[in-house]
J.: 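Just passing along the structure, written as structure tokens.
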Amino acid sequence: MRRSALFILPIYLLFCTGCAADDTAMQTRTEALMGTYVTVTLSPASTDPQAALDAAFARAQELEQIFSPTIADSELNHVNASAFSQDTAVSEDFAHLLSESLYYMEISDGAFNCTIGKLIDLWGIGTEDAHVPTKAEITSLLPETNSVSLSYDGIVPLVRFSDETVQLHFGAVAKGYIADEMEKVLSEHGIEDAIISLGGNVLTMGQHPEKQAAWTIGITDPHSPSDIIGTVQVSGMSVVTSGNYERYFEENGVRFHHILDPSTGYPANAGLSGTTIIAASSLDCDALSTAVYVLGAEEGLALIEFLPDTEAILIMSNGKVRCSSGIENFTFRQVME
Ligand code: ADP
Ligand code: MG
């Protein structure tokens, strides 16, 4: 019923450096979307790869127009402007991602929270306006529970906010959903072996076409983001990473990063520097990478162990690495220092 996904800049670097020498015949296209670069690499043996790439990127652009917080007339911005206290019709894509997000809010006990758009805007992390807000400003925007409803009138899905401070924001899951939808389109075009990378989200299909083996994905070292801390081998799975090194600013020597703890309104500080999730759906991975970052190692790993076919690699603030119990299914190999 739900989706998943993953992976970050280091994974992409590894993919490039690990495979580029014999990838000259691979079909690759990169476009800027959702504030990051989206790269799709296909097997050279694909039939009509250009048509497959055209269709996959067209789908991604369609979804960006729905979920982008920075495109003024995105569906997200329309809904945020009109859903307080009134039913607002939304697209099936919007309803689907909201429904999945509400599920992840529930199972993460609010650590993942798609209703904190105002808090995200207040901090402005990743923009030129990034600053530390006052405590009163933060407190006034702490989220209420159950403030968003999603219903169906038999024809269209309807969204309604019961709290004036609610603004939806899908920054922690939209890339995962887009990766899953691009995969669907590629499959419909007969593509079997491919890799899709959206910033820290990596989705693999099939095998590396020239090696006839699983794809090797590198996991960024959050304490030295140009290096990897290890690799996993995946086939038909997503690998998604969240970390405190992706978007942040510093004030008086303190780093303020972009993953907020909805219970405090401040950047999450649960003893982790990076979380990587492996699962079949990129959307699932994306939601969980953010949720586990906020929950911390104990609660985060408990959540991962509770979910079937889902694994995690956590990089602690002290540099130690903790993994879920089934990580060896993906041949996790740590780089030795
Ligand atoms: P990235 O966008 O770098 O892949 P994440 O998937 O972890 O990283 O998403 C972080 C983004 O999600 C933030 O930039 C912000 O827009 C939003 N966000 C921050 N904190 C939360 C949270 N607790 N729950 C849901 N979304 C969040
Ligand atoms: Mg995420």
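The first residue in the sequence is number 1, and the count goes up from there. Just so you know, ligand 1 is whichever comes first in the structure, and atom 1 is the first atom listed for that ligand.
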J.: Is I116 reachable from V292 through a run of hydrophobic residues whose side-chain heavy atoms are each under 4.5 Å from the next?
T.: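 V292 and I116: separate clusters.
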J.: I would like to know whether F161 and F84 meet ring-ring contact (aromatic ring centres under 6.0 Å, His included); could you show each step before the answer?
T.: CA-CA 4 Å; F161 307 157; F84 171 57; 8.0 Å; no
J.: Can you tell which of G110, G117, G171, P143 gets a heavy atom nearest to atom 11 (C) of ligand 1?
T.: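 Nearest option to atom 11 (C) of ligand 1, by heavy atoms: G171.
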J.: Counting each atom of ligand 1 from 1 as listed, which ones have a heavy atom of D286 under 4.0 Å away?
T.: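 Atoms satisfying the 4.0 Å criterion: 6 (O).
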J.: Once the angle between the rings of F112 and Y104 is folded into 0 to 90°, is it parallel (under 30°), tilted (30 to 60°) or perpendicular (over 60°)?
T.: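 Perpendicular: the ring planes of F112 and Y104 meet at over 60°.
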J.: Please tell me if the side chains of V38 and M182 come closer than 4.5 Å, counting only heavy atoms from C-beta onward.
T.: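 Yes - at least one pair of side-chain heavy atoms lies under 4.5 Å apart.
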J.: Return the orientation label for the F67 and F94 ring planes: parallel under 30°, perpendicular over 60°, tilted otherwise.
T.: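 Correct class here is parallel.
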J.: Once rounded to the nearest 0.5 Å, what's the spacing between atom CD1 of I217 and atom CD of Q233?
T.: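 Atom-to-atom, I217:CD1 and Q233:CD are 9.0 Å apart.
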J.: For H169, counting its heavy atoms only, list the atoms of ligand 1 lying under 4.0 Å from any of them.
T.: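 In order of number, 16 (O).
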J.: Please confirm whether V294 comes within less than 3.5 Å of ligand 1 when only nitrogen or oxygen atoms on both sides are compared.
T.: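 There is no such contact.
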J.: Quick one: CG on D261 to CG on N269, what's the gap to the nearest 0.5 Å?
T.: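 Answer rounded to 0.5 Å: 9.0 Å.
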J.: For S224, does its backbone N or O pair with a side-chain atom of Y245 as donor and acceptor, under 3.5 Å?
T.: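 No, the answer is negative, given that no donor and acceptor are paired below the 3.5 Å cut-off.
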J.: Could you walk me through whether E137 and K118 pass salt bridge (Lys or Arg N to Asp or Glu O under 4.0 Å), step by step?
T.: CA-CA 10 Å; E137 287 174 313; K118 281 200 177 174; over 6 Å; no
J.: For ligand 1, find out whether one of its N or O atoms is nearer than 3.5 Å to an N or O atom of T241.
T.: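 No, T241 has no N/O under 3.5 Å of an N/O on ligand 1.
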J.: Hey, which protein N/O/S atoms does the Mg ion (ligand 2) have under 2.8 Å?
T.: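 Near the Mg ion (ligand 2), the protein supplies A172 O, D286 O, D286 OD1, T290 OG1.
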J.: Polar contacts were defined as any N/O atom of the residue lying under 3.5 Å from an N/O atom of the ligand; does this apply to S289 and ligand 1?
T.: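 Min N/O separation from ligand 1 is not below 3.5 Å for S289.
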J.: Distance under 4.0 Å to a non-hydrogen atom of A111: what atoms of ligand 1 satisfy this?
T.: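 This gives 22 (C), 23 (N), 24 (N) as the contact atoms.
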J.: Quick check on contacts: which atoms of ligand 1 are under 4.0 angstrom from a heavy atom of K175?
T.: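 Selected atoms, number and element: 1 (P), 2 (O), 4 (O).
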J.: Among the clusters formed by ILVMFWY side chains lying less than 4.5 Å apart, do L141 and I138 turn up in the same one?
T.: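 Hydrophobic grouping puts L141 with I138.
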J.: How long is the gap from CG on D193 to NE2 on H208, to the nearest 0.5 Å?
T.: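 Nearest 0.5 Å value for the CG-NE2 distance: 9.5 Å.
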J.: Within ligand 1, which atoms have a heavy atom of R247 less than 4.0 Å away?
T.: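 The list of qualifying atoms is 1 (P), 2 (O), 3 (O), 14 (O).
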J.: If hydrophobic clusters are built from ILVMFWY residues whose side chains come within less than 4.5 Å, do L158 and Y152 share one?
T.: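 Unlinked, L158 and Y152 end up in two clusters.
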J.: Do I277 and Y103 sit in the same hydrophobic cluster, where Ile, Leu, Val, Met, Phe, Trp and Tyr count as joined when their side-chain heavy atoms come under 4.5 Å apart?
T.: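 Yes; Y103 is reachable from I277 via cluster members.
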J.: Need the ligand 1 atom indices (1-based, order shown) with element for anything under 4.0 Å from a heavy-atom of E246.
T.: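 Here the atoms of ligand 1 in question are 1 (P), 3 (O), 4 (O), 8 (O).
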J.: To which of I277, T115, I116, V173 does the heavy atom nearest atom 21 (C) of ligand 1 belong?
T.: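 It is I116 whose heavy atom sits nearest to atom 21 (C) of ligand 1.
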J.: Decide whether the shortest distance between a heavy atom of G199 and an atom of ligand 1 is less than 4.0 Å.
T.: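 False for this residue.
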J.: Which atoms from ligand 1 have a heavy atom of I259 less than 4.0 Å away?
T.: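 Answer, ordered by atom number: 7 (O), 19 (C), 20 (N).
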J.: As an exercise, identify every atom of ligand 1 less than 4.0 angstrom from a heavy atom of I120.
T.: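 Here the atoms of ligand 1 in question are 15 (C), 16 (O), 17 (C), 18 (N).
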